[in-house]
**Student:** 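Let me give you the structure first, and then I'll get to my questions.
Per chain, numbering begins at 1; letters A, B, ... match sequence-line order.
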Amino acid sequence: MPIYQIISIVVFIAIWALAAQLASSTLLPGPIEVLSVLGAAVRSGALIEHLSVTLLRVIAAFILAMSIGVGLGLLMGRSDVANRLGDPWLVIFLNIPALVVIILSYVWFGLTEAAAIGAVAVNKIPNVAVTIREGARALDAQLDEMADVYRFTFRARLYHVTLPQLQPYIAAAARSGLSLIWKIVLVVEMLGRSNGIGFQLNLFFQLFDVSSILAYSFSFTAIMLLIELLIVQPYERYATRWRFAHA
Amino acid sequence: MNDMQHVGALPMLEIAINAKVYKGADGGSVCALQDLSFDLNGGTFTTVIGPSGCGKTTLLRIIAGLDPIYEGRVGGAIARYRVGFVFQEPRLLPWRTVGENIALGSFENIESSEIKRLAALAGIESLVARFPGELSLGQARRVSLARAMAARPQLLLLDEPFVSLDEATAQRLRQVLLDIWGEQKLTVLMVSHDVREAIQLSDRLLMISEQPGRVVAEHVIELPREERNADGIEKLRREILGGDA
């Protein structure tokens, strides 16, 4: 077991419990109180419901942002014309605050699920594109020639030559993407949806219910940690196994 | 399966390169090849010999269709022929196994029994499930050769395939190449700077000058391959290189 990680978490919980004890205020509940609120929320079914709604939005926005971002980044990294055409837009979209995109999306397209997920994806696409563009610029020309000689189809070239070289860049974009996207999803939910973790947090904020705020935040953080441990990391180990093959 | 009939049946290939000019980094131009013309007869093994930097690799790249910017003509439409190219660097996909790398040379789907046969021919049947990172340079070159054969090429291009190998490994690999050539009767064009190697393997030697590269001499090796032992090769080498060897 990762002993240092466990020590670190135990120390954090101890400091938190001590601080709550000293403050003895409803504004800083201790770990045990948060845990009991969490238990109640799970039993009532409310937490699971809002958690799954938020998770679905995160997954949809993630898939949308990654596929469009990888396509754009690849195109801009490979084609000088595409890069010159796309670069100003990339700079603009990288610097538009997430909040502006979300508000405009709601104003123009209504308070709909598509507007919410689209707004999140638009916030993330430029980051993915910039990362992938760097990878696409570093593609190995010698392997391209090899693929030319053996007349690889577009699909075979993408699958066997291009994507494996982009894998570290895709992994980096995916990892930073997942954490950014779930944070933006909460804002989107707070501003224009009637369910999800973000909607609930807004409700608890108005009630000054700090225990529930912490319980909901921790539960979602835990889900993201599980995704990282059970999906992202095992996939990375599988995709990079050839790197550890040495003579 | 109309293609099957054509395997190995490459007609004579005319190569006539009038000029190949590179733009240098300083804006000037470098003439890599000039008035370089020769024919390749079907089923023969030809070696191009020349000092390093004389444009030998450029020649192979033009014939393979990788470099379309030159003045001249490479006989027929090269795009119609199946070409196998053994690059100087093995150029394997490090994230695919040896077997998958071999299979990717094939223009269509390839049976796993055929992959095994090619691997056995190249002497790497025990390495099929390995990744390229686990291989020595000699082994990687064998994979590169097996991949070229998976293309069922009519024309096999080899760019210094034995350079920077130890002599014993190089010698074993030369034998593999001769076995494959003997079995398939394909047209081979090899580039080398090693005259002994060229004499041992080829039917014909083309000597290329320093830049700009052009054919300065042509030698047909008539000695049967089984008589090309160390002494025989050395004797021919002296004849070819004349007094200065």
**Student:** On the six-membered ring of B/Phe131, is B/Arg96 placed so that its NZ or CZ lies under 6.0 angstrom from the centre and within 45° of the ring axis?
**Tutor:** no

**Student:** In terms of heavy-atom proximity below 4.5 Å to chain A, should B/Leu157 be classed as side chain, backbone, both, or neither?
**Tutor:** neither

**Student:** Ion pair present between B/Glu125 and B/Lys116, side-chain N to carboxylate O less than 4.0 angstrom?
**Tutor:** no

**Student:** So which residue, B/Glu89, B/Arg130, B/Glu100, ends up with the most heavy-atom pairs under 4.5 Å with chain A?
**Tutor:**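 Among the listed options, the one with the most contacts to chain A is B/Glu89.
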
**Student:** Between B/Gly84, B/Ala150, B/Gly105, B/Ala151, who has the most heavy-atom pairs with chain A when the cutoff is under 4.5 Å?
**Tutor:** B/Gly105

**Student:** Using non-hydrogen atoms only, which part of B/Arg61 is less than 4.5 Å away from chain A: side chain, backbone, both, or neither?
**Tutor:** side chain

**Student:** Select one option (side chain, backbone, both, neither) describing which atoms of B/Ala148 are under 4.5 Å from chain A's heavy atoms.
**Tutor:** both

**Student:** Is the distance from the ring center of A/Phe220 to that of A/Phe218 below 6.0 Å?
**Tutor:**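 No; A/Phe218 has its ring centre 6.0 Å or more from that of A/Phe220.
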
**Student:** So if I apply the side-chain hydrogen bond (donor to acceptor under 3.5 Å, both in side chains) rule between A/Asn195 and each of A/His50, A/Glu49, A/Arg57, A/Glu189, which one comes out positive?
**Tutor:** A/Arg57

**Student:** Does any heavy atom of chain B fall under 4.5 Å from the side chain of A/Gln167, the backbone, both, or neither of them?
**Tutor:** neither

**Student:** Please classify the contact of B/Phe87 with chain A as side chain, backbone, both or neither, using a heavy-atom distance under 4.5 Å.
**Tutor:**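 For B/Phe87, the side chain is the part near chain A, not the backbone.
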
**Student:** For B/Arg172 and B/Gln175: C-alpha separation, side-chain torsions, deciding distance, then whether side chain to side chain donor-acceptor pair (under 3.5 Å) applies.
**Tutor:** CA-CA 5 Å; B/Arg172 275 200 301 277; B/Gln175 195 52 53; over 6 Å; no

**Student:** Do A/Thr221 and A/Met224 come close enough that some side-chain heavy atom pair is under 4.5 Å?
**Tutor:**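 Result no, sub-4.5 Å side-chain heavy-atom pair not found.
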
**Student:** Give, as side chain, backbone, both or neither, the part of B/Gln139 having an atom under 4.5 angstrom from any heavy atom of chain A.
**Tutor:**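 B/Gln139 has no heavy atom closer than 4.5 Å to chain A.
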
